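These notes are about the structure you will find just below.
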Amino acid sequence: MADFTLTAEPFLGRFEQHYDDVKLREIYDVAVVSAAIPLRKLTAAKKAVRAAFGVDLPEVGLSALSQDSAMRILRLGTDQAFVVFPRAQQDTGAEPHIADLLGGVFYTTDQSDVWVTLELSGAGARRALERICPLNLAPDAFGIGAVARTSMEHLGTVIIRTCDDSFLLMSASSSAHSFLHAIETSIANTA
Amino acid sequence: MIINHPLLGPRDAAEFVYLGDAALIDRPDPEAENADEKFYEYGYLRDNPAGEHQELWYHEQGDRSWLVVTRDTLTHEITSVKLARDEAKKRGRDK
Amino acid sequence: MSQQTHRISGGLIDRSSTLGFTFNGKPMQGHPGDTLASALLANGQRLVGRGFKYHRPRGIFTAGSEEPNALIELRSAPHQEPNTRATVTELFDGLTATSQNHRGPLEFDFMAVTDLLYPFLSIGFYYKTFMWPKAFWEKIYEPIIRSSAGLGSLSMQEDPDTYDKGFLHCDLLVIGAGPAGLAAALTAARSGAQVILADEDHRAGGRLNAETYDIDGISGTEWAAQTLAELSAMDNVRLMVRTTVYGAYDHGVYGALERCTDHLASSDGKPRQVLWRIYSKRALLTAGATERPIAFGNNDRPGIMLAGAVRTYVNRYGVTPGKQVAIFTNNDDGWRTATDLAAKGVYISAVIDARDIEPPATVAGAAVYMGSSVVDTAGRRGLHSITLASGERIESDCLAISGGWSPNVHLTCHQRGKPQWRDDINAFVPGGTLPAGMQVAGAANGALSLGAALRDGADCAARTLADLGIKSKASKAPTASDEAHRSSAYWHVPESRPRAWLDMQNDVTVKDIKQSYKEGFRSVEHLKRYTTLGMATDQGKTSNIPALAIMAECTGKTIPETGTTIFRPPYTPIPMGALAGRARSKDFRPYRLTPSHKWAENNGATFVETGNWLRAQWFARPGEKGWRDSVDREVEMTHASVGICDVTTLGKIDIQGKDTAEFLNHVYTNAFLKLPVGKVRYGLMLREDGIAYDDGTTARLGENHFVMTTTTANAVLVFRRLEFARQCLWPGLDVHLISTTDGWAQFAVAGPNSRNLLSKIVDAPFDLSNEAFPFMACSELTICGGTPARLFRISFSGEMAYEIAVPARFGNAMMGALMEAGKEYDAVPYGTEALGVMRIEKGHAAGNELNGQTTALNLGLGGFVSKKKDCIGKTLSLRPELNRDDAIRLVGFKPVDHSQTLLAGSHFITKGETANMANDQGWMTSVAYSPTFGHSIGLGFIKRGHERKGEIIRVVNPARNIEVEAEIVSPHFYDPEGGLQRG
Amino acid sequence: MTILEKYSYPNPETLKKQHLKGAIMRYSAFEILKQGLSGNKGWKPVWREPEPKAEYDVIIVGGGGHGLSTAYYLSKVFGMRNIAVLEKGWLGSGNIGRNTTIIRSNYMMPGNQPFYEFSLKLWEGLEQDFNYNAMVSQRSILNLFHSDPQRDAFVRRANAMILSGADAELADEAQLRRELPFLDFDNARFPIKGGLYQRRGGTVRHDAVAWGYARGADSRGVDIIQNCEVTGFDIENGVCTGVQSSKGRIRAKKVAVCVAGSSSRVMSLAGMRLPIESHVLQAFVTEGLKPTLPGVITFGAGHFYVSQSDKGGLVFGGDIDGYNTYAQRGNLPVVEDVAEGGMAIMPMIGRARLLRSWGGVMDMSMDGSPFIDKTHIDGLYFNGGWCYGGFKATPASGYCYAHLLANDTPHPVAKEMRLDRFKRGHIIDEKGQGNQPNLH
């Protein structure tokens, strides 16, 4: 019946910009699935994660890469984790995929469209983040793999350290432009 | 202020939303005989102590956990931070 | 160079380049490294401003942030900065400065006449008069007072500069980079601790830059430079100059202001200042001490300065404030000014020491007066001579006064600290409970000699390291001699007859303190408030202690018995722009955009702020004369065929878990246990106090999977409350919440052709028929050839309607697709105004009705409060006064004369009764012009409304001076039977 | 007839005719001249420093604005003389000494409006009444609105005010552009669409209010005893017979508590729990500036209100910090939040500098409205729950409390301010925030 097809649009139009010692880009092809651990099912959940990803469910505040490095599991709370992984722009099958992988143990919700994801990298990344991120991002306090939710310029943000000088920043997709503006301003102000 | 989250470590209190006395966990039994009196006290009367105060904070810009924070209302010193869920269970709220 | 009449050799200025600036339009010159004050003095400019109350000539009094007098307007509009201290303003090329608070030229201020009226302007005179005639206060007296008050002016134009904020973390924050701070930072940094060293000056080193002391065998200035170089090279140290730590907040949080471009002619697009929030594990206050004056007659003339400041100008800036300098001291340190100046070849006319002791030093060529004092001075616009108690006059164009040093305890008072008096140094030192994690070292802690300050700084740092478990790497503390700093408790010259000034900026004199005592304002707080002592921009940094001492004299008590002065943040004033950071204009708060925002922009939408969201308010078409035309059309076309509205802003909460239905039963007033999969139910939430809180629909997508919608305004708040219910009230339930508001682009498709439209985009074999997908059905499905979607058969408009959701990234395309599919039905996009009109026509409550003051009963939703089960708010909703017979009820209103307009906010008065609040019957909450009915309609709360249908009521709006009559009707104007939405 | 007219209360015009009696020095321009010519040596103490007597008819606990005005009106209007005010610190050291000095009666609910309008009327005659210039300045108060729903709520409020006999005036954007051109009309995140003026609102020199009331009460024989902390109540068989204090036991026929932020602490000494939490409200002042702002302005889309004092400082504030505290200090997030609100509506204040900040402990009630009531203990009375609005209420609070103490019946304009109202379900919630004090 349908004569119409819908084309997905990245929230920030695949933004990418290089500055002196900083690079900022939208990671537009990323799937995010939240996985909630049912009450009193932590053991089963841990087992499911191990089986699905070949790694242990990380502790709260940490993330782990799956054995094949294809997926990153973020433990955001006692009973909540996010699974973040690449996907095709039009692909909408992230949630059932993860639900299957986890053997139905978790309550899964597709969060791909809730978040806009930016990667901020380069030697000046921390210097720029200093202007908007209240967390201590020193390597001994927030090492590689660390994840936290906080607020930057009035916007809720998930921050993940992926390398020494590379961070993934996730914020609400509806305010993607304001979020980008906040990060860009930080880069400009510290250039 | 800094709240030392039991799972996440020290965080600026600005990430949290304050509710009030941790006695708000103790919602009265609606079936009790004097439920209206109990709910009135629960809803409205507060010890409001000058000194140690157990209170509820919600980590809205964080892991969305409700915390029971023990804080001195004269000095603002925080002596204990617990997950409210654990505290609620301890008080028998999980039946 | 020729005009720099007072420039002498030496100093830490760069003579290789010259900077031009103007003062009151007069061109002058200085050098990099100068402050505006040092440059003014170098140019021989002593008179720089006028006093606040009596408009007396005033000059530069200090060399630092404690300056009470030398306040100028810096730069010009719109960059104009009032009340700027010349003593901390770094000179830059092209600087313009203007003096403040005078009428006519600075030299001939007409307002100086007030000085003659001083007997009638004693403290508190304004509390005792200006009461009659009453009307004169606001019309005459107060405007006069106001225009004389204040010093500088704002440009009244938008601040053109930008500001930023930032967050820093450290093991040890060292506040003040003088000798103690440097010694401490060095000790901590060498041991590997993360150290922030902040100093308000542009050149770290503190008094070392202004003195001629030696440390470890080299000059103190050189030692400071070497130490700073070492610290700068360490990556565990952040050295922050031009940075004032202005406040100590709870749990080791400090506020700091970094001035990034204030020393430049232009900020060049960069933030002018950065406001830092510093999270420290420990802090060390090494803020030094402030010299205080001695009060005597006419001690406020330009040319009279603190002795340490005179030394600073000579040693650091290579400027002598005078050519015949006299010194008046009560302590040994004052003599240092004499010897330093003499060494530089400045002529010292006299040294007057209030103490009758052996002179502590010899000063070549100077007359020495021990046990003497200065009782008066002369010189109209600057000092000419001083008069001693003996009556002797001494020619002098600069008088350096030293009344001893007060430790800078300010930050120790920001929480519960209460300074304590030390008789041995005649000063308050930090006391009481210091901010947690704070220590104090050096002069700020009463260690007034250089040797002691260095030792104290290093020791404190070592203790802090131990406390933090960082192994201290032994390094030898720097050493210096312990110079003499004996002082005496000598605060003012009692023999002096003319007015003797204490608070130079607020013009408070010794006599004023005595009068305050006499009138009963004796506690320190009363004294401060009655005389305004210490309330000026310098916060009494130089005046508080002498004033306290004089009050102690009056009461016969000791100084500590009389009281202490507690300082509040900020340490020095902080620009509002910096406190606000980036949050101004459009950046005040983030924007949330709906998924179809771009489409709406391209299709004539006018947007409206709804919380942080921007929503399409209406979509204008060519030829429409005003918003009403567009809105009427959108309503009519929706009713007639089909309309589409982006409703993504409604909160969406994904709720999963095997106990979800039970959980919903707790939080909603109505029952949810038996809601079948594939169905949607309207739900009403109360606050625990029984007042209606929020409403929305909840769909059951699976046995354990629900999707709740909330109002746009309450999305975050409802989520918070649900988490509270889940974690704190019913932690035994298996329920999990996650917000998906931003994840789904959701559109209302409303109107008789909504089904026809949707049938063109849903993928087969989904059956949209009324039988298969009736009112309040919901389903997951795919559309447009495989895009996952959620479909809800719900209606806010009263029409047959759906809400369809797709992943947000498809939202913009979806709006286009819906419009394209709707083309044949003349589908219309509608905005929030049309949405509002239709919901009023249908009688749905929204924010104006769910305003936190109304109950389910008031809203006509009493039936939604289940009698069979408990829910949040139920018990307290049963309280008697919330259930009175004459409780207000939500009803509809239509004007008796259909041409008249109803206005929201009007009140209802029963016909025949006087319009006053005693007769108030309720108020109109929401109104709209209904194109459907061709007249204005309204919703409102009125007492016993449900029993008053048909009554004609007065709708009064005295604020708008309008009154109309309206008939009370059912709130459900449109399709009251609900046939359309089911159809 | 408005509600106010219906209730009888002394007309400020008649009040002011009752001049001060006794030995007190009358303040006037003449006296200033006289004293000025004799070297300002003849000024007398404004109040005595008495030791407590063994017994009083009424003991007022708390020498802040409300306590002092209660004493003043008890002695002046209700003819009682044997009164003591016990103050833990120095008189006027409560929130009367640390507020943002605003007076207004722009309230909406019937339980509040007549009371605050009564208060505003008393302010209007206060200085002539107590012969002290407290600089009551009716410079106007303006509440800006930024959206249609906000406008609707303000229209409702404006009408309620007018129907209660108060003044209210709606201004549209064009008018505000003319009157306040420095507001950000063109680039604001939340556009200014109009405002609600109360022209009779304004500011008062807060300390002077305490001093004026203290002077007036003292001159009528009221003992104001400073540095006297109440440490307990003598309660026998459900009757309060006096207090224990740091200056010993003092008997009283009636004990009237009005201790604002310390309400819960003090009433707990009588075994009572209150519908009150203590929170801190921060306030701020900038350096002195030449005339900048005409009246009080409040920002409807952020947390900011501001006025300019007679001394030239911009006095401003915003929300309470939001957590229970008895410490008179706040924290940074609120400071910055308030400044953000300020810069959002008037970006011309960017280069004005914040000079001082301070915090006051507020007795935040469960519906944002106060209490003036008897307690279940005979002879013990309570006045509190003023939230951050106690200053403007000072005259009416004192007057109505005095009325209650003198007659044992509530003053008509304060009759809803009862402690049992929550049990009955009679909520006076202007903001619609419910039983969470930090939201009011």
Side-chain angles (χ1 to χ4, degrees), chain C residues 81 83 119-120 122 125 127-131 142 145-146 149-151 153-154 156-159 249-250 255 515 518-520 523 525 529 537 568-569 573-577 579-580 583-586 588-589 609 687 689 691 847-848 851-853 879 881-882 904-905 907 916-918 923 958-959, chain D residues 2-3 27 29 32 36 40 43 45-47 90 110 127 132-133 137 149 152 155-156 158-159 162-164 168 170 182 187 189-190 207-208 287-292 310-312 331-332 336 339-340 342-344 347-358 424-426 429 432 434-435:
Chain C
E81 230 181 304
N83 305 334
F120 314 111
S122 68
F125 74 95
Y127 298 129
K128 299 167 184 162
T129 183
F130 302 139
M131 285 175 277
E142 194 185 32
I145 290 177
R146 278 182 176 255
L151 290 170
S153 336
L154 290 176
M156 301 305 279
Q157 296 177 44
E158 176 169 354
D159 186 345
Y249 296 89
D250 281 315
Q515 186 186 333
K518 196 167 263 182
E519 293 194 76
S523 88
E525 288 291 336
R529 287 150 193 269
T537 66
R568 301 187 187 286
I574 307 292
M576 293 294 291
L579 287 167
R584 55 194 266 204
S585 303
K586 300 286 188 203
F588 173 56
R589 291 292 179 262
E609 293 76 10
R687 293 192 308 234
D689 70 349
I691 300 294
N848 282 12
N851 67 351
Q853 297 166 330
R879 285 176 291 172
E881 302 239 352
L882 294 175
H907 284 244
N916 63 30
M917 278 307 276
W923 76 101
Chain D
T2 67
I3 288 184
Y27 289 156
I32 294 219
N40 283 306
W43 295 111
V46 178
W47 45 71
W90 37 278
E127 295 155 309
Y132 205 78
N133 188 351
S137 175
D152 295 348
V155 176
R156 176 191 172 197
N159 284 326
I162 294 169
L163 293 174
S164 304
L170 294 162
F182 52 82
N187 204 25
R189 172 70 179 81
F190 298 102
D207 288 318
E287 296 177 345
L289 298 164
K290 291 295 178 197
T292 304
D310 280 341
K311 284 208 66 189
N331 275 292
L332 274 179
E336 296 179 20
E340 288 175 9
M343 285 297 285
M348 56 82 176
I349 60 172
R351 299 176 103 84
R353 297 190 199 88
L354 180 139
L355 171 63
R356 216 170 31 252
S357 64
W358 63 94
R424 292 183 283 123
H426 186 94
D429 186 354
N435 56 337

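Note that this is a predicted model, so its numbers are computed, not measured.
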Write down the atom of [X], the atom of [Y], and the distance for their closest heavy-atom approach.
X: D:R189; Y: C:R589; value: NE-O, 2.9 Å
X: C:A959; Y: D:L170; value: CB-CD1, 3.6 Å
X: D:I349; Y: C:M576; value: O-CB, 3.3 Å
X: C:R879; Y: D:R424; value: CB-O, 3.8 Å
X: C:G150; Y: D:K290; value: O-NZ, 3.3 Å
X: D:I32; Y: C:F120; value: CG2-O, 3.5 Å

I need the [X] [atom1] to [Y] [atom2] distance, nearest 0.5 Å.
X: D:L355; Y: C:N83; atom1: CG; atom2: CG; value: 9.5 Å
X: C:L579; Y: D:M343; atom1: CG; atom2: CE; value: 10.0 Å
X: D:K311; Y: C:L151; atom1: NZ; atom2: CG; value: 9.0 Å
X: C:Y127; Y: D:D207; atom1: OH; atom2: CG; value: 6.5 Å

[options]: which one forms the most heavy-atom pairs within less than 4.5 Å of chain C?
options: D:V155, D:T292, D:V46, D:L354; answer: D:L354
options: D:A158, D:P291, D:A208, D:G342; answer: D:P291
options: D:S357, D:A344, D:G312; answer: D:S357

So, the part of D:A352 with a heavy atom under 4.5 Å from chain C: the answer is both
message = In the structure I gave you, are the side-chain heavy atoms of C:N851 and D:R156 within less than 4.5 Å of one another anywhere?
response =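 Touching, per the 4.5 Å side-chain cut-off.
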4.5 Å side-chain heavy-atom contact, C:P958 and D:N159 =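 A side-chain contact exists here, since the closest heavy-atom pair is under 4.5 Å.
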Test item: [X] side-chain N/O and [Y] main-chain N/O as donor-acceptor pair under 3.5 Å:
X: D:D429; Y: C:Q853; answer: no
X: D:N133; Y: C:M131; answer: no
X: D:E340; Y: C:F588; answer: no

Just give me the residue among [options] that pairs up with chain D most often, heavy atom to heavy atom, under 4.5 Å.
options: C:I574, C:N848, C:L882; answer: C:I574
options: C:P569, C:G847, C:G255; answer: C:P569
options: C:G520, C:S585, C:A583; answer: C:S585
options: C:M156, C:Q157, C:E525, C:R529; answer: C:R529

- Message: Run the side chain to side chain contact (heavy atoms under 4.5 Å, CB included) test against C:Q515 and tell me which residues pass, sequence neighbours left out.
- Response: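 C:S122, C:I123, C:K128, C:E519, D:N40, D:W43.
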Counting only non-hydrogen atoms closer than 4.5 Å, does C:S523 touch chain D with its backbone (N, CA, C, O), its side chain (CB onward), both, or neither?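 Contact with chain D is through the side chain of C:S523 alone.
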Honestly, the part of C:D250 sitting under 4.5 Å from a heavy atom of chain D is both
Residues at least two apart in sequence or cross-chain that pass salt bridge (charged side-chain N to carboxylate O under 4.0 Å, His left out) with C:R146, listed by chain then number, are C:E142, D:D310
